[in-house]
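Worksheet: one structure, shown below.
Convention: sequence-line order gives letters A, B, ...; per-chain numbering from 1.
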Amino acid sequence: MSENRAIQKMNITKFQQDLVNWYEAEKRDLPWRHERDPYKIWVSEIMLQQTRVDTVIPYFNRFMEQFPTIDALAGADEEDVMKAWEGLGYYSRVRNLQSAVKEVAESYGGIVPEKKEDFLSLKGVGPYTGGAVLSIAYGLPEPAVDGNVMRVISRLLTIWDDIAKPSTRKIFERAVEELMYKENPSSFNQALMELGAIICTPTSPSCLLCPVQNHCQAFEEGVQRELPVKTKKKSDKKVHMGAVVLTTNDGRILIEKRPESGLLANLWQFPNMELPAGTNPRRILESFIETEYGVKAKVNTEKATEITHVFSHLTWNIDVYTGIIEGEVEKKRSKFVKEEEVESFAFSVSHQKIWKYVKGLG
DNA sequence: AACTCGGGGGG
DNA sequence: CCCCCAGAGTT
């Protein structure tokens, strides 16, 4: 094993000291670093999944004001929780989090379980989040391997395995276990991530400023820019969508709630559908409304605007229309709301864009 | 192992 | 334009 050879020639104690001393001196002042409450550490780690620190900070602060304890989140209205997560993406994270927090309240006496097997059994808690919370909140020597850590360790030990493959994470977990600073696992894990975020960055690492340059095999060989190895995923799909903002004659707006599973689950939106190629958008939207809601609608001839929204795995091109609906028949997952009420519901960003545009027309 | 699931910031 | 970010669940 090449990584073992690289570890063998390392002075692990010196590496730990150089890394943790740098971290303690240079670490960023982040809201969750003021907290010891395992619940708050946990929330921060869920928010930080696939999401940058700068994006998370305002969401974390608002979330902690609104749901400061496990009991507060466990007892909260799901609509309020979704609204607090609006715009942060990967919405299953917050539904799983609330579900897991309820489980902690009911089965663990409101105490975040310290036993690895118990904590990892909770919804939304995977290998990374499990290790992160157990090490940061409870000081346990568990690896917390995220994208930063794989990049840092791949360079430190010149590991050439493809980090895009799920099975590769275990290689890095074993390496981190060998390198673990058992006197302070919290600082050690956070230091690896901090180094990846600040110094050991993806395209142009600042090796000349790196506190562990002397320990880095990639720097010694001059191959730091070739690591980590990561195969790129295939290109995404493009979907042509039509959406319509329908107003009743007394000025109320039709909104609907998305299905409980799948893309943007449980978020609110304006009526919309995929437009098959070569169809007339307003005709198809009118018949869609009539079959879906049992009420006739008149969709304006002119397209109001077009909106492009890029997801990680597909792109929506949305033709946006406005129109009039002749009646208010509410179904299970739809509502007619006043204009000033629209923004109190949690919408996907694409439909926030739609509303912002249409509101500006009036 | 491959696919799904959001959104935004930086080079 | 591209990449990728304090990843997890499902199939």
Side-chain angles (χ1 to χ4, degrees), chain A residues 23 27-28 30-33 41-60 82 85-97 99-100 119-137 142-153 162-170 172-173 176 186 188-198 200-205 225 228 230-237 258-259 261-267 308-316 346-353:
Chain A
Y23 172 71
K27 63 184 174 186
R28 291 169 292 178
L30 304 176
W32 44 92
R33 289 186 175 158
I41 304 297
W42 181 10
V43 171
S44 75
E45 293 301 341
I46 299 295
M47 286 187 170
L48 286 161
Q49 289 170 10
Q50 297 298 103
T51 311
R52 294 167 190 282
V53 164
D54 291 339
T55 303
V56 167
I57 289 173
Y59 282 92
F60 178 81
M82 291 301 290
W85 208 268
E86 182 188 44
L88 198 51
Y90 287 134
Y91 299 93
S92 65
R93 288 185 294 176
V94 72
R95 291 187 302 130
N96 287 336
L97 175 62
S99 168
F119 188 56
L120 280 165
S121 75
L122 298 170
K123 281 188 182 167
V125 179
Y128 165 74
T129 304
V133 174
L134 293 178
S135 63
I136 297 171
E142 297 289 339
V145 175
D146 69 342
N148 283 316
V149 172
M150 286 197 281
R151 183 171 60 256
V152 168
I153 300 295
D162 181 3
I163 67 168
K165 296 176 60 162
S167 57
T168 304
R169 195 197 66 249
K170 295 183 188 305
F172 291 93
E173 286 177 344
V176 171
S186 169
F188 180 78
N189 278 340
Q190 292 186 79
L192 284 177
M193 293 187 274
E194 193 83 348
L195 190 69
I198 304 298
C200 197
T201 52
T203 52
S204 58
R225 300 178 81 97
K230 186 175 187 180
T231 57
K232 34 182 173 281
K233 59 183 184 203
K234 56 191 177 195
S235 59
D236 58 339
K237 296 177 292 191
R258 293 178 61 85
S261 63
L263 184 63
L264 304 169
N266 282 342
L267 288 176
T308 300
H309 190 77
V310 180
F311 298 91
S312 48
H313 58 301
L314 78 137
T315 298
W316 276 354
F347 279 71
S348 68
V349 168
S350 55
H351 283 242
Q352 291 177 47
K353 293 177 188 168

If only side-chain N and O atoms of A/His309 are considered, is one of them under 4.0 Å from the OP1 or OP2 phosphate oxygen of B/dG7?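 Yes, within the criterion.
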
Looking across every strand, which nucleic acid part, if any, lies under 4.0 Å from [X] by heavy atom: base, sugar-phosphate, or nothing?
{"X": "A/Arg33", "result": "base"}
{"X": "A/Gly196", "result": "nothing"}
{"X": "A/Leu88", "result": "base"}

For atom CG of A/Asp162 and atom P of B/dA1, their distance in whole Å: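 A/Asp162 atom CG is separated from B/dA1 atom P by 11 Å.
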
Give each protein N/O atom lying under 3.5 Å from an N/O atom of nucleotides 9-11 of chain B, with the pair distance.
| unit_1 | atom_1 | unit_2 | atom_2 | d |
| --- | --- | --- | --- | --- |
| B/dG9 | N2 | A/Arg52 | NH2 | 3.4 |

Once salt bridge (charged side-chain N to carboxylate O under 4.0 Å, His left out) is applied, do any residues pair with A/Glu142, and if so which ones, sequence neighbours excluded?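 A/Glu142 satisfies salt bridge (charged side-chain N to carboxylate O under 4.0 Å, His left out) with A/Lys116 once adjacent residues are dropped.
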
With A/Lys27 via salt bridge (charged side-chain N to carboxylate O under 4.0 Å, His left out) - residues at least two apart: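 A/Lys27 satisfies salt bridge (charged side-chain N to carboxylate O under 4.0 Å, His left out) with A/Glu24 once adjacent residues are dropped.
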
Under the rule of Watson-Crick or G-U wobble with both distances under 3.5 Å, where | means paired to another strand and [ ] a crossing pair, DNA chain B maps to |||||.|||||

Centre-to-centre under 6.0 Å for A/Tyr90 and A/Trp85, is that the case here?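 Ring centroids of A/Tyr90 and A/Trp85 are no less than 6.0 Å from each other.
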
Does A/Arg93 pair with A/Glu45 as a salt bridge, N-O distance under 4.0 Å?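 Looking at A/Arg93 and A/Glu45, the cut-off is not met.
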
Residues which pass side-chain contact (heavy atoms from CB on, under 4.5 Å) with A/Ser350, listed by chain and number, not counting sequence neighbours: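 A/His309, A/Trp316, A/Ile318, A/Ser348.
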
DNA chain C: 5'-most and 3'-most nucleotides touching chain A, 4.0 angstrom heavy-atom criterion: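 From 5' to 3', the first and last contacting nucleotides are C/dC3 to C/dG9.
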
